Every structure is written in structure tokens, then in C-alpha cells.
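Presented below is the structure to which this report refers.
Remember, it's 1-based here, ligands and their atoms both numbered in the order they're listed. Note that the structure is predicted; figures quoted are calculated from it, not measured.
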Amino acid sequence: MSKGFVLELKGISKIYNESSSDKLVIFKNINLNIKKSELIGIIAPSGTGKTSLLNICGLLDLPSCGEVRILNKNTKSLTIEMRNNIRKKYLGFVFQSSNLINEFNAIENVALSRIIKGYNFPDALDYAKKLLINVGLKNRLYNRPLQLSGGEKQRVAICRAIANDPYLLLADEPTGNLDNENSQLVFKLLTDLVKRKNVSALVATHNLDLIKKMDRVFCLTKNGFKEVK
Ligand SMILES: Nc1ncnc2c1ncn2[C@@H]1O[C@H](COP(=O)(O)OP(=O)(O)OP(=O)(O)O)[C@@H](O)[C@H]1O
Ligand SMILES: [Mg+2]
């Protein structure tokens with residue numbers, strides 16, 4: 001692992017419909033550095049651009065201007081294939097609604113991200129099983145997503161996000177669809193895993209309670225991007 005930052009944003013702006021009359025400036029000039037094992041929160045009102053920013057960090061979208069560096073590498077002029085490679089090797093995603101594959105059971109959903117990274121089937125299945133047991137899903141290993149509760153699905157989604165041993169976990173309102181008790185549980189799991197596995201994480205949330213455990217917190221508003229903790 002390189003010595004520098006896991007993720008660096010330098011002067012990132014996002015403008016939708018840039019060349020038309022309904023041009024929409026979402027944010028401007030965001031700067032952020034994330035170190036190894038750091039847990040960073042982004043708290044912001046709905047519609048201010050959390051998902052847009054996470055998509056840029058995860059190389060799912062391009063900024064209108066500015067530079068995204070992952071593990072000291074500028075991603076600006078990479079081909080789609082190179083960006084996909086960075087994602088499968090170094091990044092993990094947790095979405096608001098778990099986005100699991102309904103035809104696969106819990107183990108298969110988790111194992112898939114490890115298989116895509118290049119591990120063989122038996123290794124990936126074994127690793128997935130251990131991760132799921134670790135988050136209390138020993139009796140749900142062979143359930144498909146439709147046979148799991150919302151909180152259980154999010155726990156599977158977190159296991160999937162870390163099954164490829166990522167350097168950076170990007171979580172977009174990972175507890176957004178859960179009640180308070182399940183939010184606390186899922187969030188604790190996420191933070192424990194991040195610390196135990198030395199992963200860095202960038203977590204967008206509306207939930208003010210959840211930011212207490214973050215190392216640093218930024219607030220994204222129409223007026224800018226400010227460190228608030
Ligand atoms: N592809 C797109 N084209 C045009 N506008 C978009 C696009 N994606 C998002 N937007 C707009 O950009 C703004 C920010 O959206 P975004 O989804 O990033 O916000 P958010 O902070 O994640 O909101 P929420 O908390 O509701 O998830 C919104 O006004 C949205 O309508
Ligand atoms: Mg969003």
C-alpha cells in the first residue's frame with residue numbers, strides 16, 4: 001500500500017447539463033484527503049449532492065472539473081476498463097437499498113465481489129461464509145435477499161463491500177432504510193469492520209447520531225463543503 005492518501009479530491013466540481021439552459025451546479029471546488037483507516041462522514045440535506053460526490057469518488061461518474069486521485073494515482077485520463085479495474089480491486093460500495101442479486105443467496109452475493117477480483121470459487125465462498133458468520137448471519141447463509149429483513153440485507157451488503165479487501169469503502173446512506181435499532185447495529189458493524197480491517201471509509205448519512213463515531217465529518221451544503229468535526 002502506498003504511503004500517501006487513499007483518496008484525494010482536488011478542486012472537484014459537479015455541474016449537470018453543463019451546456020444547456022437548465023445547467024445545474026451541484027457543488028464547486030471540493031477538496032478532501034482520506035488517509036488509511038480513516039472514517040469520514042458526509043452529512044448533508046437531501047438533494048445537495050452526496051450521491052453525486054460518492055459516484056465521482058467511486059469512479060462511476062466524472063467530475064466537471066478537478067482531480068480524483070486513488071492510491072496516489074490520478075484517475076483523470078484512465079479508460080473505462082482501467083476505472084473498472086480500480087473499482088474491483090480497491091473499492092467497496094454500500095448503497096442505501098442493498099442492491100443484492102435476488103437470484104443469489106447471501107454467501108453467493110458476498111463471494112461474487114471476491115471472485116470478480118480474481119480469487120477462486122472455493123476461497124471466495126469460504127471467505128464470504130466467515131464474513132457473514134462474523135456479522136451474526138450464521139443462520140441466514142443460504143437465504144436469498146427476498147428471504148432476509150432490511151437490516152440483514154444491509155449486513156450482507158456490507159460483507160459484499162469488503163469481500164474484495166478494498167482500501168476504500170464508499171457508503172451512500174447505508175442505514176437510510178432502517179429503523180433506529182437496526183441503523184445502530186449496521187453502523188456499528190460497518191465502523192468495527194473498517195477499524196479491524198484497516199479500510200478507509202467515506203459514509204454519507206442524514207443520521208446525526210451516526211456521525212459520533214467518525215474520525216472527521218464534513219457538511220455539504222449549497223454554500224460549500226466544510227469540516228464540522
Ligand atoms: N444525472 C443527473 N442529471 C441531472 N441532475 C442530476 C443527476 N443526478 C442528480 N441530479 C440532481 O443533482 C442534485 C443532487 O443529487 P444527489 O442524488 O447527488 O443528492 P443527494 O444529496 O444524494 O440526495 P439524497 O439525500 O436525496 O439522496 C439533485 O438536485 C438531483 O436532482
Ligand atoms: Mg443520495
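Near Thr48, the atoms of ligand 1 lying under 4.0 angstrom from a non-hydrogen atom of the residue are 19 (O), 21 (O). Contact atoms of ligand 1 toward Gly49: 14 (C), 16 (P), 18 (O), 19 (O), 20 (P), 21 (O) (distance under 4.0 Å to a heavy atom of the residue). The His206 neighbourhood of ligand 1 comprises atoms 25 (O), with distances under 4.0 Å to a heavy atom of that residue.
By the 6.0 Å contact criterion, CD on Glu181 is open, its count of non-hydrogen atoms from other residues, nucleotides or ligands being 12 or less. Enclosure of atom NZ in Lys129 is not indicated, since only 12 or fewer non-hydrogen atoms of other residues, nucleotides or ligands lie within 6.0 angstrom. Enclosure of atom NZ in Lys28 is not indicated, since only 12 or fewer non-hydrogen atoms of other residues, nucleotides or ligands lie within 6.0 angstrom.
From the protein, the heavy atom lying nearest to atom 16 (P) of ligand 1 is Ser52 OG, 3.7 Å. Shortest contact from atom 25 (O) of ligand 1 to any protein heavy atom: Lys50 NZ, 2.7 Å. Protein heavy atom closest to atom 9 (C) of ligand 1, with residue, atom name and distance, is Tyr16 CE1, 3.5 Å. Regarding atom 26 (O) of ligand 1, its nearest protein heavy-atom neighbour is Ser46 OG, 2.6 Å. The nearest heavy-atom contact from the protein to atom 12 (O) of ligand 1 is Ile26 CD1, 3.2 Å. Residue, atom and distance of the protein heavy atom nearest to atom 17 (O) of ligand 1 are Thr51 CB, 3.7 Å.
Checking each of Lys197, Arg114, Lys89, Lys117 against Asp165 for a salt bridge (charged side-chain N to carboxylate O under 4.0 Å, His left out) leaves exactly one that passes, namely Arg114.
Polar contact with ligand 1: absent for Asn17 (N/O pair, distance under 3.5 Å). In terms of polar-atom proximity, defined here as any N/O pair under 3.5 Å, Leu24 makes no such contact with ligand 1. In terms of polar-atom proximity, defined here as any N/O pair under 3.5 Å, Glu173 does make such a contact with ligand 1.
Looking at Gly176, Gly47, Pro45 and measuring to atom 23 (O) of ligand 1, the nearest heavy atom belongs to Gly47.
Contact annotation: the side chain of Phe5 never approaches that of Ser200 to less than 4.5 Å [non-hydrogen atoms, C-beta and beyond].
Distance CD1/Ile80 to CG/Asn85: 12.5 Å, rounded to 0.5 Å.
Listing protein N, O or S atoms at distances below 2.8 Å from the Mg ion (ligand 2), with waters left out, gives Thr51 OG1.
For Asp22, the side chain to side chain donor-acceptor pair (under 3.5 Å) test picks out Ser20, with sequence neighbours left out. Judged as a salt bridge (charged side-chain N to carboxylate O under 4.0 Å, His left out), and not counting sequence neighbours, the contacts of Arg140 are Glu152. For Ser37, the side chain to side chain donor-acceptor pair (under 3.5 Å) test picks out Asn198, with sequence neighbours left out.
Counting protein heavy atoms under 4.0 angstrom from atom 1 (N) of ligand 1 gives one or more.
Electrostatic pairing of Lys195 and Asp215 counts as a salt bridge here, judged by a charged N lying under 4.0 Å from a carboxylate O.
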